[in-house]
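What you see is a predicted model, and the numbers here were worked out from it, not measured in a lab. Hydrogens, waters and symmetry mates are skipped; everything else that's a heavy atom, side chains included, is used. Start at 1 and go down the list; that is how both ligands and their atoms are numbered. For the single chain, residues carry numbers from 1 onward in sequence order.
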Amino acid sequence: MIDAGAWIQGNADILIQATTEALSNNRAIQSQVSEAVDGFYRALLRAIVTFDPTPLYTVLFDWVEARTGPIDQDSASLMPVLARIKRAIAEQVIHHCEPEDAVRVLLTIDRVMTDALVFLAQVETETLMAATRAQVQAAQLELEQVNKTKTDFIAIAAHELKTPLTVVEGYTSMMQSYARESSDDLLNTYVEGIEKGMGRLHELIDDVVDVSLLDLGMFDLHFQPVLLHPLLDSIQYMVNDHVLTEREITFTVDRESIPRYPTIGDPGQLLKVLEKVIMNALKYTPDGGNVLVYARDFPGFGFIDLMVEDSGIGIDPANLTRIFNAFSGVGDANLHSSGKVKFKGAGPGLGLPIAKGIIEAHGGTIWAESAGYNEETCPGSTFHIMIPMHS
Ligand code: ADP
């Protein structure tokens, strides 16, 4: 009676030769394969004799390590190799082992080889997962770097643009005094045009700087007690003065619904948010329509929901979230306008992302609701600005 260990030891040469041939018919690499197979049988023998699979696992682990490079076809699984070795052993046992010993020898080898297959599957899965994780991490890092370069570029370019702009603004202001003194109507009209264009350019550059700073997490807020009523007073003043002179829209602020107690926030930035959302409501509402600003107080939750409701063209449900992404391109590029209040005069798409960034930096949220986009039926939109209130 012979056991598996003794049988392998006694038949090592024929096992190595048969296995080498089963694994490769390329004579040029057969000596290399034979060396690896020899190492494998030594480890298998030790595992069987000592009842400890560690030596076999070490060999398999080294094979996986040697095989796995970057994820490509070269790092295919070693499972078929191990299965072929198992089959080669079985064939040799059947041919060369006494029938009364064959079953016992085969069962012992089969148990060790099955454990080896399970181990190999585990190691290969873990190795593949680690390689995939490393690739994803590298891609993420690269993406972050590209994003940072983009944002840095925008911030630097915007600052560089502001310097000459300030010089031009200075000269424009001097020209304006000169034009007024000269009472030359044509000159006054030209200077006014330049001034308007400069103002719009300044706002655009400020918006680009704001978006970059929000993106970089470098937006500075100066918190202090803020009352909403004075902010809405300035908006009302601006709308009366700059919008309602050009547009036929009913603009109402429901004062009763707005809390009279202060919140803690940055008044300048909160004013910017209200201005952007309200100006949009006016811009996307046709003449004859309404814009209403009102609030719902949630004292128990410490939030106020400030709403800007319009009877305008509405927003496609697919765009309700997208409009808050910078340069979302939701606005129709054909309608881009230098006018701030012109109906549907789309801009670069920075207003809402800035509003969102500022409100989120205050610990609040902003979102839009609309039944859909339709220029004929004008289903309207409602923007909710949820601000934490500190009474
Ligand atoms: P901009 O007005 O410069 O394009 P915004 O970020 O302010 O950029 O708005 C993004 C887009 O969201 C607009 O182009 C417009 O399509 C849509 N939008 C914003 N407010 C409204 C509104 N009240 N009604 C309909 N569409 C709106």
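- Polar contact check, L352 against ligand 1: a nitrogen or oxygen pair lies under 3.5 Å apart.
- Electrostatic pairing of E91 and R87 does not count as a salt bridge here, judged by no charged N lying under 4.0 Å from a carboxylate O.
- Heavy-atom separations between P353 and ligand 1 include at least one value shorter than 4.0 Å.
- Ring-centre distance between W63 and F40: below the 6.0 Å cut-off.
- For K283, the closest heavy-atom approach to ligand 1 falls below 4.0 Å.
- Of the heavy atoms in K276, none comes closer than 4.0 Å to ligand 1.
- Put simply, part of S381 is less than 4.0 Å from ligand 1, judged by heavy atoms.
- R104 places a side-chain N or O within donor-acceptor distance of the main-chain N or O of I2, the cut-off being under 3.5 Å.
- Residue-level proximity to ligand 1 for D310 is carried by the side chain, the only part with a heavy atom below 4.0 angstrom.
- Less than 4.0 angstrom separates some heavy atom of I323 from each of these atoms of ligand 1: 11 (C), 12 (O), 17 (C).
- Contacts between Y373 and ligand 1 below 4.0 angstrom, taking non-hydrogen atoms only, are absent altogether.
- Neither side chain, D266 nor H222, offers a donor N or O lying under 3.5 Å from an acceptor on the other.
- With salt bridges taken as basic N to acidic carboxylate O contacts below 4.0 Å, none links D207 and K272.
- Residue-ligand proximity: S370 is placed with every non-hydrogen atom at 4.0 Å or more from ligand 1.
- Between the R260 side chain and the L228 main chain, no donor and acceptor come within less than 3.5 Å of each other.
- Considering backbone and side-chain N/O of G349, one or more are found under 3.5 Å from N/O of ligand 1.
- Every atom of ligand 1 is numbered from 1 in the order shown, and the set under 4.0 Å from a heavy atom of G351 is 5 (P), 6 (O), 7 (O).
- Under a 3.5 Å cut-off, the side chain of T108 and the backbone N or O of A4 do not form any donor-acceptor pair.
- When atom types are taken as modelled, the side chain of T263 and the backbone of P388 share a donor-acceptor pair closer than 3.5 angstrom.
- Just one residue in the list I94, I109, N11, V105 forms a side-chain contact (heavy atoms from CB on, under 4.5 Å) with I89, and that residue is I109.
- For ligand 1, the atoms closer than 4.0 angstrom to any heavy atom of L350 are 6 (O), 8 (O).
- Residue-to-ligand polar distances keep F383 apart from ligand 1: every N/O pair is separated by 3.5 Å or more.
- Short contacts between ligand 1 and A281, defined as distances under 4.0 Å to a heavy atom of the residue, involve ligand atoms 23 (N).
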